[in-house]
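Read the structure below first, then the notes.
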Amino acid sequence: MFTYTRQNQIRTAFWREHPDLPRKRIKDYSGTGLMYHTDTRVAFCEFVDALCKNGMISEALADRVTLGESSVRDVGADGRRWKASL
């Protein structure tokens, strides 16, 4: 049985474990959206990877979890989701 089964649980756990990381979102590289600072995005990826390797989340959940809430922009032209908010 996995410890976390929903994306919002992972985000909550991440922010609880990393209270000093910047939560402020900045303009993305294209200037059309927002993203988290690089340190925050990298820490989130490492956090998710560790959860998956330790069996606390499924690999499928690790593949789809994002740091930010989902939005229409997170869907590519082919209808598949991508991790723009990471």
Side-chain angles (χ1 to χ4, degrees):
M1 178 67 67
F2 297 114
T3 304
Y4 302 109
T5 57
R6 297 190 329 254
Q7 292 185 45
N8 65 338
Q9 293 173 317
I10 296 170
R11 286 189 288 269
T12 300
F14 172 75
W15 289 119
R16 188 173 43 241
E17 293 288 322
H18 299 88
D20 296 332
L21 286 174
R23 288 184 181 227
K24 181 181 177 190
R25 296 178 81 172
I26 57 175
K27 282 189 175 183
D28 66 9
Y29 300 116
S30 66
T32 59
L34 296 174
M35 66 181 183
Y36 287 98
H37 288 266
T38 302
D39 291 344
T40 303
R41 296 190 323 263
V42 170
F44 183 74
C45 290
E46 290 174 349
F47 182 77
V48 170
D49 187 52
L51 290 177
C52 187
K53 286 181 178 178
N54 292 327
M56 297 178 77
I57 62 172
S58 68
E59 193 167 327
L61 181 55
D63 287 343
R64 74 176 180 271
V65 67
T66 60
L67 182 53
E69 296 296 323
S70 297
S71 71
V72 175
R73 268 192 319 224
D74 292 343
V75 179
D78 61 358
R80 295 181 60 187
R81 291 197 53 195
W82 50 285
K83 296 182 180 183
S85 53
L86 261 183

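We count residues from 1, following the sequence as given.
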Using the test side-chain contact (heavy atoms from CB on, under 4.5 Å), find all partners of [X] that sit at least two apart in sequence or belong to another chain.
X	answer
D20	none
A13	Y4, R16, F47
E46	V42

Mind listing the closest non-hydrogen atom pair of [X] and [Y] along with its distance?
X	Y	result
K27	M35	O-CE, 3.8 Å
T40	P22	OG1-O, 3.0 Å
W15	L21	CZ3-O, 4.0 Å
S30	T32	OG-OG1, 2.8 Å
Y29	T38	OH-OG1, 4.1 Å
L51	I10	CD1-CG2, 4.1 Å

Under the salt bridge (charged side-chain N to carboxylate O under 4.0 Å, His left out) rule, collect the residues that match up with D49, sequence neighbours excluded. K53
Can you name the residues that form a side chain to side chain donor-acceptor pair (under 3.5 Å) with R6, not counting sequence neighbours? N8
Can you tell if the side chain of F44 reaches within under 4.5 Å of the side chain of T66, non-hydrogen atoms only? no
Measuring from D28:CG to L34:CG, what's the distance to the nearest 0.5 Å? 7.0 Å
